[in-house]
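Reading through the structure tokens given below for one structure.
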Amino acid sequence: MSDDEVAPLETAFGVDHHVTHAELPDRPAHEGGPDMVQLLTPEGERVAHPELDPLVEALSREELQGLYRDLVLIRRFDAEATALQRQGELGLWASLLGQEAAQVGSGRALRPQDHAFPTYREHGVAWCRGVDPVNLLGMFRGVNHGGWDPDEKNFHLYTIIIGAQTLHATGYAMGVQRDGDVGTGDPQRDTAVIAYFGDGASSQGDVSEALVFAGVNNSPVVFFCQNNQWAISEPNEKQTRAPLWHRARGFGFPGIRVDGNDVLAVYAVTAQALENARCGQGPTFVEAYTYRMGAHTTSDDPTKYRVSAEVEVWKHRDPIERYKRWLTTSGTADAAFFEAVEAEADELGRSVRERCLAMPDPDGTAMFDHVYAEAHPVTARERAWFTEYQASFEQEVAR
Amino acid sequence: MSDDEVAPLETAFGVDHHVTHAELPDRPAHEGGPDMVQLLTPEGERVAHPELDPLVEALSREELQGLYRDLVLIRRFDAEATALQRQGELGLWASLLGQEAAQVGSGRALRPQDHAFPTYREHGVAWCRGVDPVNLLGMFRGVNHGGWDPDEKNFHLYTIIIGAQTLHATGYAMGVQRDGDVGTGDPQRDTAVIAYFGDGASSQGDVSEALVFAGVNNSPVVFFCQNNQWAISEPNEKQTRAPLWHRARGFGFPGIRVDGNDVLAVYAVTAQALENARCGQGPTFVEAYTYRMGAHTTSDDPTKYRVSAEVEVWKHRDPIERYKRWLTTSGTADAAFFEAVEAEADELGRSVRERCLAMPDPDGTAMFDHVYAEAHPVTARERAWFTEYQASFEQEVAR
Amino acid sequence: MSTTTLAKGITTGLRAAMEKDSRVVLMGEDIGKLGGVFRVTEGLQKDFGEDRVVDTPLAEAGIVGTAIGLALRGYRPVVEIQFDGFVYPAFDHIVSQVAKLHARSLGSVRVPMVIRIPVGGGIGAVEHHSESNEAYFAHTAGLRVLACSTPHDAHWMIQQAIETDDPVIFYEPKRRYWDKGEVGEEPAGALGSARVVREGTDVTLLAYGPMVKTCLQAAQAAQEDGHSLEVVDLRSLSPLDEETVLASARRTGRVVVVHEAPTFLGLGAELSAMLSERAFYELEAPVLRVGGYNVPYPPSRLEDDFLPDLDRVLDAVDRSLAY
Amino acid sequence: MSTTTLAKGITTGLRAAMEKDSRVVLMGEDIGKLGGVFRVTEGLQKDFGEDRVVDTPLAEAGIVGTAIGLALRGYRPVVEIQFDGFVYPAFDHIVSQVAKLHARSLGSVRVPMVIRIPVGGGIGAVEHHSESNEAYFAHTAGLRVLACSTPHDAHWMIQQAIETDDPVIFYEPKRRYWDKGEVGEEPAGALGSARVVREGTDVTLLAYGPMVKTCLQAAQAAQEDGHSLEVVDLRSLSPLDEETVLASARRTGRVVVVHEAPTFLGLGAELSAMLSERAFYELEAPVLRVGGYNVPYPPSRLEDDFLPDLDRVLDAVDRSLAY
Ligand SMILES: Cc1ncc(C[n+]2csc(CCOP(=O)(O)OP(=O)(O)O)c2C)c(N)n1
Ligand SMILES: Cc1ncc(C[n+]2csc(CCOP(=O)(O)OP(=O)(O)O)c2C)c(N)n1
Ligand SMILES: [Mg+2]
Ligand SMILES: [Mg+2]
């Protein structure tokens, strides 16, 4: 997929739609193309960006260190979850390996009053929002379909139906508008919504409809697409002929591609997009160009469809390594800090494992709970029947 | 809706996506904007267009006259159908009044082997394809749901579910590719597909998905959007924040806006787009900028939602008047020709009316026909029951 | 007490709900200035503004999907689907999200949404405008499905639907929109309840929506033939008011279910199965079903042949009595 | 005669159909290099090329919608829906187009499409991966609905589904994908036919897909208790093979229907209604239904409580015999 195809028909018509680009470090298409915003090279060198630099410079040393801590801790959590799955403690796990910067960068750009609508892979965003990561394991362990109250940390439930959450996010943002929580100038009040989705999801009609509704209503929502290059076994070319960030324009709002493995760039781009949303400037489409380093889920076998050389290339773009280098060379953090984070990660891993194993299986009657908010005769009757039926076994066992 | 909004975020990021436009006659946004392709002004003056002029110049005098004949005859047919509805002979009618040029211009750009997938309003395209217009009345009269064989004239059935046909057209085009009927260089063989849809339809996920599939597969399909400014009572602004022809770019292929009331421009643009498709250059999105002069359907009351001043403005852009002026001033047709067409129209009206009134009501058992292509016990049993039940009444009456 | 049409009964019900609760928001295609193709929302945008009566883009998944988001923000969206046959693009959001979010969130999230659907045939319309798709939604756990049949119920049931914290599919019998009736001061029963609308002793007719009137006419006609038919308006299709249905079935011993939807796996199937499970020895005859045929809804010139009418109901009554 | 898994039975069936007719085209998500998440299409893209085994964009409406277009061009598309819960975005195209195009065109157009759906629970999956949604499609006129339960039927029924000019929803019982069995030289019956898979005299068990095995196990267990159960594999859910079902019901006088879908308006409802209509005097007991509860499919740690199992089937058999 090339970013710079020329439009034969439009040219034939004397209409030149070729997009003109401002100066950004040149980069071949397979590395995200010349339009990709990058603040850190894979080698950890800082690239200047006049518009975005102030956003990064506003971050304190603690905040900058915090981003690193987030990256490392969530990667550790993820590794632990993968291990738990291998040991049969989880039925499935969807690893975020490689996408930490995209998630932490965007997650940390959110304000407390903002709302995030995730797919099933946004463990890093959940972490930034303050959701206890153990709660993320419930659905993968099979003890529930969603183990947290979405309104507690403004982090909504994981959505498995691809793309659906983009409409929920847009509707939520329409609610924010009706509440008058946009453009008041009060930084504690003005609210943005962020919708996460993948490159594969971009094909779903739901996602395009979300762009339509958000555009028409000028709603405060950021569409955050993690382009991790793969939708299970299907590469980008099976989903789109144009770079995904181009999608937004035709729906009436801006799109931007950011290096998804560059936590600073993701932070800055998302912060700007969210701020525009809060101010009443409407939606933005952010494509975070990243890579799924692992399998789609623990059920998947990527050797069937992709070559290891590709994975090798992306290893050199690792989001944590690059940020660590910059923290070091810029003197923002030292070895002691890195060690402390390592220790904290070990502790997190241990605690997560322990608490996962301690998660109780729900009682069978739980399946009748919350099907309806108000009394329902069929549920009530079936629940009663089930309870009695279960009891009859226990009696038998007792006898 | 303005065509030239500036993208605040992208600008903030130093990325300028503002599309640059080649020189075209300047035109305010509410008249289609500077990018709209026009070959005839509303006053009937020919506007030069170096790329498209050869396509028009290749038309013979008979063909140029034929376009006028099409415009007039289909308008007359449409008026007759509206009258038939008023007199209770049709349950409903969806008038094409005002959109004749968009339909005739695109319909005449098709080759015999091409395929058209309409909405419910493409009477003009049906006419160009050679479908007997009386057959279009069947579903509106309530005697069938679709009264012609789609493969006879390569004109598919009317589709009422908004947007669905765009996917059918795309899949059909994928079939054309598999048949090897693209890019052979044989003008009798290379085949394009055209999908008609409205401005309102552009919001449906189906339509965006069709753009995805067509883009990814580089399929020979032209998406022909008749932007008649209204989706029942909803104006363009309720459907999109960006001009519709901008939509295509983000899906990886060109879009173009053409004056939908200018039959020559529509013809040339569509012919070029179809030819690109046939050659293997893939899809094009054509937005024909036009106006629905009448009600949405005979059930609709447009006075509830739009002002007559708007309709007045568009009367001055009438597709037939402008073309007639050009035919006259360019000496392509004379009064005798116009009179002959008028007479032919009268005759068509009379014949359509006569044959509509003669359309028989189907027998009740028809509802069991063709539910399944192969024998089906439930249908068979119900049909038998129904027949017997009907007969019991007739016996009663006979007694 | 006032006399009004069924359509206007819904209008006044919506208006009352909107006045009572500022978080009630109407969404749909053409519901603003036009007032909806059936004029059910007429005047509401003028009075409540464009933020509360929203002309949405033409995309049903988008409408229901964004309504979910609004519900999550604390709003109570009332969605209008323009015609029955246009609900399917939103099917995924209805069955996978609207129906399941409350359970998925272990009760922390509610989706108090009403999806209004003008339903059924009999108005001479083109394809997709006359369908009866209630079985799909009634089979879906997590949804409530209501069908009103009179101006009174229309007025009150729409308010009950908006008030419940559960999502509701609300069916409006489009060919009865212009039927007039009185709207009283109180609902005719709690959410979920059926109602015996005519008492009788020989056969029970179970119906809902547009077929209630047909069954009442049939009962009237049967009376002249000396048969006493009881007519039950189910009002709620999910859950069913099994007790009211059972009580009537036990009284008469004979049941005919009438609906416009095809009988194969229609509501009649569930009612028949339930009755034979719960009143096996009390039924004198099998529960008989009168419904649409198992064909796509036919062109309008054939709809009178397709739709159950007085004669077909009476034919089934005769067959039931023959057992 | 060869021994293979149910999944591979479908693979070989697809391969045979593709060899026989070059217009058979497979479409779906991840069906190419990966061979599908269940590996049912493994090796087929390699052998038949990317034009005939198409990795589509991630959009179910788009897949079915474009498959319709291919069918109109004369192809015979076989669509794979990755999991049961992902078919709903395509629901509109299935019920409003696939099911209706043949009738709409007065017979001039055919839509010989197969939509393969791995169905049901029991594999410990997350939400939306274990649903049984056959009732939606069986209630839709214009579709045929099949469910296979053995490698033999998988192999042959998929070919029959591809061969018929009618559109088919083809259910594959995902938790039986890895069960082995013999594939014989001939189909076990014509398209649409049910099959008595175990003869018995006391009670008839009606089942399909994954529940056939469960019922056979129940019959085996019941035999030890001295009860003789007949097991009928319905194989076709629409149309039902009413004659085979009736014959068995008449022999035993007692019927239990078993499926994973919730009972409310599930296939059991139709079977119960049909049997009481057609064999009212021959039934000794009401048709009893054993199915999923009327709740969203629960988290996997509860699925054993949700899914009908041998004990619940036997419990219903006992209740039936008690009449
Ligand atoms: C409607 C729907 N169809 C299919 C699936 C199965 N599925 C789960 S994840 C996935 C790929 C998603 O790819 P992408 O959007 O790129 O997200 P990623 O997994 O790469 O983060 C598919 C096809 C689904 N969950 N929902
Ligand atoms: C899925 C679906 N939703 C709603 C409708 C009802 N409806 C019929 S035409 C129409 C407006 C269509 O507008 P547009 O696409 O602009 O086409 P136009 O009628 O203007 O030609 C609507 C909402 C429908 N037919 N299908
Ligand atoms: Mg991806
Ligand atoms: Mg329009």
Side-chain angles (χ1 to χ4, degrees), chain C residues 60-61 85-96 99-100 102-104 127-128 131 133 135-136 138-142 237-240 257 261-281 283 285-289 292-298 323, chain D residues 60-61 85-96 99-100 102-104 127-128 131 133 135-136 138-142 237-240 257 261-281 283 285-289 292-298 323:
Chain C
E60 287 78 8
F86 307 150
V87 71
Y88 307 125
F91 200 77
D92 178 50
H93 278 274
I94 297 175
V95 307
S96 293
K100 291 181 176 152
H102 184 60
R104 183 181 305 150
E127 205 186 350
H128 311 292
E131 309 205 347
N133 43 28
Y136 297 141
H139 182 55
T140 306
L237 312 185
S238 175
L240 288 167
V257 191
T263 52
F264 192 90
L265 267 168
L267 257 285
E270 178 58 35
L271 285 157
S272 172
M274 184 273 285
L275 284 165
S276 80
E277 279 162 359
R278 299 192 61 189
F280 186 66
Y281 292 120
L283 292 178
V287 174
L288 296 183
R289 296 179 282 172
Y293 300 103
N294 294 280
V295 303
Y297 196 89
Y323 271 82
Chain D
E60 287 78 8
F86 307 150
V87 71
Y88 307 124
F91 199 77
D92 178 49
H93 278 274
I94 297 174
V95 307
S96 293
K100 291 181 177 151
H102 184 60
R104 184 180 306 151
E127 206 186 349
H128 312 292
E131 309 204 347
N133 43 29
Y136 297 141
H139 181 56
T140 306
L237 312 184
S238 175
L240 288 167
V257 190
T263 52
F264 193 89
L265 266 169
L267 258 286
E270 177 58 34
L271 286 157
S272 172
M274 183 274 286
L275 284 165
S276 80
E277 279 162 0
R278 299 192 62 187
F280 186 66
Y281 292 120
L283 292 177
V287 174
L288 296 183
R289 298 179 281 172
Y293 300 103
N294 293 281
V295 303
Y297 197 91
Y323 270 82

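We name chains A, B, ... by the order of the sequence lines, and we start the count at 1 in each one. Please read these numbers as outputs of a predicted model, since none were measured by experiment.
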Legend entry - Interface moiety of D:V287 toward chain C, non-hydrogen atoms closer than 4.5 Å: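 Just the backbone, heavy atoms under 4.5 Å.
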
Legend entry - Test item: D:H139 and C:H139 side chains (from C-beta on) under 4.5 Å apart, heavy atoms: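 No, every pair of side-chain atoms sits at 4.5 Å or beyond.
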
Inset, instruction - Taking all non-hydrogen atoms of both residues into account, name the closest pair between D:Y136 and C:V95 and its distance. - result: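 D:Y136 and C:V95 have their closest heavy atoms at OH-CG1, 3.9 Å.
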
Legend entry - When D:Y293, D:Y88, D:F86 are compared by non-hydrogen pairs under 4.5 Å with chain C, the top option: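 Option with the greatest count: D:Y88.
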
Could you pull out all donor-acceptor pairs under 3.5 Å where a side-chain atom in residues 263-272 of chain D meets a protein atom, sequence neighbours excluded?
{"residue": "D:E270", "atom": "OE1", "partner": "C:L265", "partner atom": "N", "Å": "2.7"}
{"residue": "D:E270", "atom": "OE1", "partner": "C:R289", "partner atom": "NH1", "Å": "2.8"}
{"residue": "D:E270", "atom": "OE2", "partner": "C:R289", "partner atom": "NH2", "Å": "3.1"}

Inset, instruction - Let me know if C:E131 has heavy atoms under 4.5 Å from chain D in its side chain, its backbone, both or neither. - result: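 Side chain only.
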
Legend entry - chain D contact via C:V295 - side chain, backbone, both or neither, heavy atoms under 4.5 Å: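 Interface part for C:V295: backbone (N, CA, C, O).
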
Legend entry - Which residues share a side chain to side chain contact (heavy atoms under 4.5 Å, CB included) with C:P286, sequence neighbours left out: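 Result, side chain to side chain contact (heavy atoms under 4.5 Å, CB included) vs C:P286: C:L288, C:Y323, D:S276, D:F280.
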
Inset, instruction - Report the option among C:P239, C:A103, C:S96 that has the most heavy-atom pairs separated by less than 4.5 Å from atoms of chain D. - result: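 Top count of heavy-atom pairs under 4.5 Å with chain D: C:S96.
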
Inset, instruction - Could you have a look at C:G142, C:A285, C:A261, C:A90 and say which one has the most heavy-atom pairs with chain D under 4.5 angstrom? - result: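 Heavy-atom pairs under 4.5 Å are most numerous for C:A285.
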
Legend entry - OG1-CG distance between D:T140 and C:N133, expressed to the nearest 0.5 angstrom: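 It is 9.5 Å, given to the nearest 0.5 Å.
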
